[in-house]
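Taking it in order: structure first as structure tokens, then the write-up.
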Amino acid sequence: MLISKVAESHHKEFQSAERIFWHDKLFAKTFLKLFPPRVIPNHLTLFRFIATPGVVFLMVYEYYLIGLLAFLLVAFTDALDGSMARTRNQITEWGKIYDPLADKVLIGAMVFVIVLRYVDFWTAMIIIALEIIIISAAWIRKREGRVVQANIWGKIKMALQVAGVTILLFSVIFNWASLLPFASGTLYLAIAFAVVSLLTYGI
């Protein structure tokens with residue numbers, strides 16, 4: 001009886017820590033209905049790892065329009081797997097670590113093939129260096145037995161990185177040079193949030 005009460009208490013604690021957000025409810029009523037119960041959030045994370053080389057291939061060979069659509073689709077799975085995990089009670093320790101890692105692999109690859117080419121060397125290197133530092137710090141904390149998972153600052157950083165790359169691709173695809181400063185500004189803002197994420201032990 002006592003064990004069951006303790007388990008119930010831990011379960012409630014876990015539920016309150018991983019609260020459901022408004023967009024989770026929206027996704028649960030729309031996009032997540034497309035995924036049967038046998039599809040779990042970790043499958044979407046694995047898809048992001050597997051699909052990233054394909055997105056990079058499109059960018060390297062300058063199929064930018066198709067590449068943009070592919071990039072947005074793959075990046076969107078980041079929002080979907082988080083909402084799926086929370087609304088279906090499928091949060092795992094593996095997902096807490098590898099979900100943000102998959103984002104970093106995707107963004108790092110895009111920065112290397114797009115930002116490096118169309119913005120400037122130092123912006124690309126700072127973004128990549130910060131991601132490497134964040135991953136390394138998270139790995140050290142994990143080895144020390146501490147909790148490692150994404151926080152709100154890391155999520156904002158990811159959203160800004162996706163927005164910055166998207167604006168940059170629109171500028172390149174449609175030859176809108178006026179968008180370049182907006183792309184750069186968004187990426188600089190993402191750098192600031194990356195620093196905040198690092199200082200607050202996010203991944």
Side-chain angles (χ1 to χ4, degrees), residues 45 47-82 96-142 148-203:
T45 301
F47 167 77
R48 208 147 61 253
F49 277 116
I50 294 167
T52 294
V55 177
V56 172
F57 173 86
L58 292 171
M59 296 302 171
V60 168
Y61 288 95
E62 300 186 0
Y63 297 109
Y64 290 137
L65 184 55
I66 300 172
L68 172 60
L69 296 175
F71 168 68
L72 291 175
L73 173 64
V74 175
F76 187 52
T77 63
D78 174 44
L80 288 180
D81 61 11
K96 286 181 180 181
I97 296 170
Y98 287 97
D99 173 32
L101 181 59
D103 303 338
K104 287 166 176 41
V105 171
L106 174 64
I107 289 298
M110 292 298 292
V111 167
F112 193 77
V113 296
I114 294 297
V115 176
L116 190 60
R117 184 184 302 181
Y118 292 104
V119 180
D120 64 71
F121 174 83
W122 289 113
T123 300
M125 289 302 103
I126 289 171
I127 293 172
I128 292 172
L130 279 170
E131 295 296 348
I132 292 172
I133 292 169
I134 289 171
I135 292 170
S136 301
W139 181 76
I140 292 169
R141 289 198 304 277
K142 182 69 176 173
V148 176
Q149 64 185 68
N151 62 18
I152 185 63
W153 308 113
K155 292 178 188 297
I156 293 172
K157 176 211 61 167
M158 172 65 178
L160 288 169
Q161 288 171 333
V162 171
V165 170
T166 301
I167 295 169
L168 178 56
L169 284 170
F170 267 105
S171 173
V172 173
I173 292 167
F174 300 105
N175 199 25
W176 292 339
S178 58
L179 285 180
L180 275 175
F182 291 99
S184 299
T186 305
L187 291 170
Y188 297 151
L189 195 56
I191 289 172
F193 276 98
V195 173
V196 175
S197 176
L198 177 63
L199 295 176
T200 54
Y201 306 107
I203 183 175

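Bear in mind the structure is a predicted one, so any value in this text is a computation, not a measurement. Hydrogens, waters and symmetry mates play no part in the numbers below; they use all other heavy atoms, side chains included. Each residue takes its place number in the sequence, starting with 1.
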Fill in the blank from the handout: For N151 and Y201, the nearest pair of non-hydrogen atoms, with its separation, is ND2-C, 4.2 Å

Problem - Minimum-distance pair of heavy atoms, taken over all atoms of I114 and M59 - result: CD1-SD, 3.9 Å

Exercise for the section: Check whether more than 12 heavy atoms from other residues, nucleotides or ligands sit under 6.0 Å from atom OH of Y64, and answer yes or no. Expected result: yes

Practice task
Can you see which heavy atom on V55 is nearest to which on G67, and at what distance?
Solution key: CG1-O, 4.2 Å

Practice task
May I have the step-by-step check of side-chain contact (heavy atoms from CB on, under 4.5 Å) for L187 and L160, ending in yes or no?
Solution key: CA-CA 7 Å; L187 291 170; L160 288 169; over 6 Å; no

Handout entry: Heavy-atom check, side chain of L72 versus side chain of T166, under 4.5 Å
Key = yes

Problem - Any side-chain heavy-atom pair of K142 and K96 under 4.5 Å - result: no

Fill in the blank from the handout: Heavy-atom closest pair (A177 atom, P181 atom, distance to 0.1 Å) is O-CD, 3.6 Å

Practice task
Answer yes or no: does atom CZ of F49 have more than 12 heavy-atom neighbours from other residues, nucleotides or ligands under 6.0 Å?
Solution key: yes

Handout entry: Pair Q161-V111, side-chain contact (heavy atoms from CB on, under 4.5 Å): steps then yes or no
Key = CA-CA 9 Å; Q161 288 171 333; V111 167; over 6 Å; no

Handout entry: Interatomic distance, S197 atom OG to I156 atom CD1 [nearest 0.5 angstrom]
Key = 10.0 Å

Output a table of donor-acceptor pairs, distance under 3.5 Å, between side-chain atoms of residues 99-107 and any protein atom two or more places apart or on a different chain; print 'none' if there are none.
{"from": "D99", "atom 1": "OD1", "to": "R48", "atom 2": "NH2", "distance (Å)": "2.3"}
{"from": "D103", "atom 1": "OD1", "to": "R48", "atom 2": "NE", "distance (Å)": "2.9"}
{"from": "D103", "atom 1": "OD1", "to": "R48", "atom 2": "NH2", "distance (Å)": "3.1"}

Completion exercise
Distance col, row F112:CZ vs I128:CD1, nearest 0.5 angstrom, shows 6.5 Å

Completion exercise
The reported gap from CD1 in I97 to OG1 in T45 (rounded to nearest 0.5 angstrom) is 12.0 Å

Practice task
Would you please test L58 and F71 for side-chain contact (heavy atoms from CB on, under 4.5 Å) and show each step?
Solution key: CA-CA 10 Å; L58 292 171; F71 168 68; over 6 Å; no

Practice task
Under the side-chain contact (heavy atoms from CB on, under 4.5 Å) rule, what do F47 and V74 come out as? Steps first, then yes or no, please.
Solution key: CA-CA 8 Å; F47 167 77; V74 175; 4.2 Å; yes

Completion exercise
For V162 and A75 the tightest heavy-atom approach is CG2-CB, 4.1 Å

Handout entry: Pairs involving residues 171-191, ordered by first then second residue, that meet ring-ring contact (aromatic ring centres under 6.0 Å, His included) (sequence neighbours left out)
Key = F170-F174, F174-W176

Handout entry: Contact check, side chains of W153 and L199, non-hydrogen atoms, under 4.5 Å
Key = no

Exercise for the section: Nearest 0.5 Å please: distance from the CD1 atom of I66 over to the CD1 atom of I173. Expected result: 10.0 Å

Practice task
Heavy atoms only: give me the nearest T52-A109 pair and the separation to one decimal.
Solution key: CG2-CB, 4.1 Å

Practice task
Say whether, by atom type as modelled, one donor and one acceptor occur between the side chain of S171 and the main chain of I167 under 3.5 angstrom.
Solution key: no

Exercise for the section: Hey, could you give me the CE/CG distance between M110 and L116, rounded to the nearest 0.5 Å? Expected result: 12.5 Å

Handout entry: Straight-line distance of K157 NZ to L189 CG, nearest 0.5 Å
Key = 13.0 Å

